[in-house]
S.K.: 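Got a structure for you, questions after.
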Amino acid sequence: MRNQEIAKILNEIARYLEMEGVAFKPYAYEKAAISLSALKEDVGDIYIKGGTKTLQEIPGVGKNIAEHIEDYLKNGKIKVYEQLKKKLPMKVEELIKVEGMGPRKVKILYQKLGIKNLKDLEKAVKAHKIAPLFGFGEKTERNILEGIEFVKRNKGRFLLEEILPTVKDVVAKIKNLKEVEQISVAGSLRRKKETIGDADILVVSKNAKKVMDLFVSLSDVEKVWGKGGTKASIRMRVGFDIDLRVVQAKSYGAALQYFTGSKDHNIVTRKIAIDRGLKLSEYGVFRGPKMIAGKTEEGVYKAIGLPFIEPELRENEGEVEAGLNGKLPKLVELKDIRGDLHCHSSWDGGKNSIEEMARSAMDLGYGYIGISDHTKFLRIENGLNGKQLLDQNVEIKKINEKLKKQKIEFTVLHGCECNILNDGTVDIKDEVLEKLDYVIAGVHSTLKMGKREMMARIEKTMRNKNIDILAHPTGRIVGQRDEYQIDFNKILQIAKETGTILEINSSSRLDLRDIYIRKAKNEAVKMIINTDAHQKEQLNLMEYGVGMARRGWAEKEDIINTLPINELLKYFK
Ligand code: DGT
Ligand code: CA
Ligand code: CA
């Protein structure tokens, strides 16, 4: 499937256009990229059906972008992109990953200092060549250095969200072979880690050669690192690697257990086997020469005296002890989710109308959706003011009446995502907030405050009787930005006192992260898993938030949007 490759290029074009100072257009490219990544069908197949005309039926794809896609499908290249690359030959994606480095800065640094990549940037920062430039200064230079160090720590790893769709597609294609008896992803991908080094796929088949041949000849393979009888390794064109192994049916469970990892979890399980006079390997569980388990993962765990341990828990963070003591959690599942309360509509520049968002939520089987557009302080996001929020409230009431008339059991809730200002007040008046079903508040500015000041700021907001949910509570963005200076234990304590719900944001923030989710659960602080969707396709990001929640040992009762609406509403102040 070429969707991801094309999405990646469209995103890069957007960055280049931003550098060129083109207004609006970059946004269009970004939106098309989001649509493409969320698409279940291969763009190639869509194109075959009716050329650029059918491509234009993809949300966010206009004539122009449809032609670029056609260009790629026909020639493996997008001409505009090649031209832009020639004109500005730097690694834009790499450079803008550095916090504080927007496309405009990238361009200036290229023009003034010839900086083309991360290495050049680091050299220039260390030689203090950046601070003297107009519009930069000492502080920016220091921030850039911090940003570089953060990016370097994540180098060579991919966001789960970036690669999962491609891997799912590869799995689907291999599964089509009639020779394939079983197939599963393994490794960090199966454990839903936020970043992935490489993807691992495990297959049971009596005809390994056939599987290998198909695997290395998939259309989106860039390079084959190696191909043996039962193991092959490839580089996908989007940039990440996949390892595939073919195993025998009798060892499938043991191999799955081994290749799911984590390494640390495996070390402990192997030791437990040894303590019981057994040997656990990727081939099975053995007592002396006799194989006593291996076909299924459950069987493998059972043979060494453990219940099945969910992949997301396998990090050697106490899951084995919990298993031995019968204390494993019953993890929340995607199907438990009944609604999404952090969603943006066209009112704040999102891609879809309130009704379109609601329809998509219905298609997901939800009972409710909450519209929470940005508020006025965020001017770049077309934040709404009090008056607009009240107008929106009227519209949402109308939509609900319409649904009622149509006898559809679905509710649109009205919220907003207001901004926590530096002094801890928010940018919308209480009289307006009181009219909404619920209120989300988040920090979107002055992220680099000292800890004491930042905590006072957040505490004041959490104590505001109109604020129900703290959005992306720590401010981190995976692979891009660390959390702000906070004292998470204190946040938990205040949440407990005030009943403030902490968000698990499913976008690339993945915030709260697993360790904090687990802490919140232990303190009985309630959480909500939201997508922060700015267009309807992004409602599907829920899967990633749920993955993070599961890694944090969260159960259904820890997450309030697993509740039917009447019970959910009780949690709002
Ligand atoms: P990644 O790819 O860095 O995101 O993380 P993983 O966990 O997918 O690691 P990977 O791909 O190197 O290996 C997949 C699994 O195979 C890993 O989770 C556990 C198992 N494994 C690999 N190497 C070793 C090893 O040296 N010892 C043990 N016990 N297990 C290993
Ligand atoms: Ca891996
Ligand atoms: Ca691997």
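Ligands are counted one by one from 1 in listed order, and the atoms in each one are counted from 1 as well. In this text, all values refer to a predicted model and were calculated from it rather than measured experimentally. Along the sequence shown, the residues carry numbers beginning at 1.
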S.K.: If the criterion is any heavy atom closer than 4.0 Å to an atom of ligand 1, which residues make the list?
M.R.: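 Contacting ligand 1 under 4.0 Å are Arg157, Gly187, Ser188, Arg191, Ile196, Gly197, Asp198, Asp200, Tyr258, Phe259, Thr260, Gly261, Ser262, Lys263, Asn266, Arg270.
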S.K.: Looking only at N, O or S atoms in Asp200, which is nearest to the Ca ion (ligand 3)?
M.R.: OD1
S.K.: Give a yes/no answer: is there an N/O/S atom of Asp198 under 3.0 Å from the Ca ion (ligand 3)?
M.R.: yes
S.K.: Identify, by name, the N, O or S atom of Asp243 lying closest to the Ca ion (ligand 3).
M.R.: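 Result: OD2.
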S.K.: Can a donor-acceptor pair be found between the side chains of Thr260 and Arg190 at a distance below 3.5 Å?
M.R.: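 Present: a donor and an acceptor within the cut-off.
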S.K.: Checking Arg245 against Phe259: charged group under 6.0 Å from the ring centre and within 45 degrees of the axis?
M.R.: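 Yes, Arg245 sits over the ring of Phe259.
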S.K.: Taking the six-membered ring for Trp, is the centroid-to-centroid distance between His342 and His534 below 6.0 Å?
M.R.: no
S.K.: Between Ser35 and Gln535, do the side chains contain a donor N or O and an acceptor N or O under 3.5 Å apart?
M.R.: yes
S.K.: Would you tell me whether Asn505 and Asp511 have side-chain atoms, one donor and one acceptor, within less than 3.5 Å of each other?
M.R.: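 No - no donor-acceptor pair under 3.5 Å links their side chains.
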S.K.: Considering all heavy atoms of both residues, which atom of Ala303 and which atom of Leu278 are nearest to each other, and what is their separation?
M.R.: O-CD1, 3.4 Å
S.K.: Could you check whether Arg235 pairs with Asp241 (Lys NZ or Arg NE/NH1/NH2 to Asp/Glu carboxylate O, under 4.0 Å)?
M.R.: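 A salt bridge links Arg235 with Asp241.
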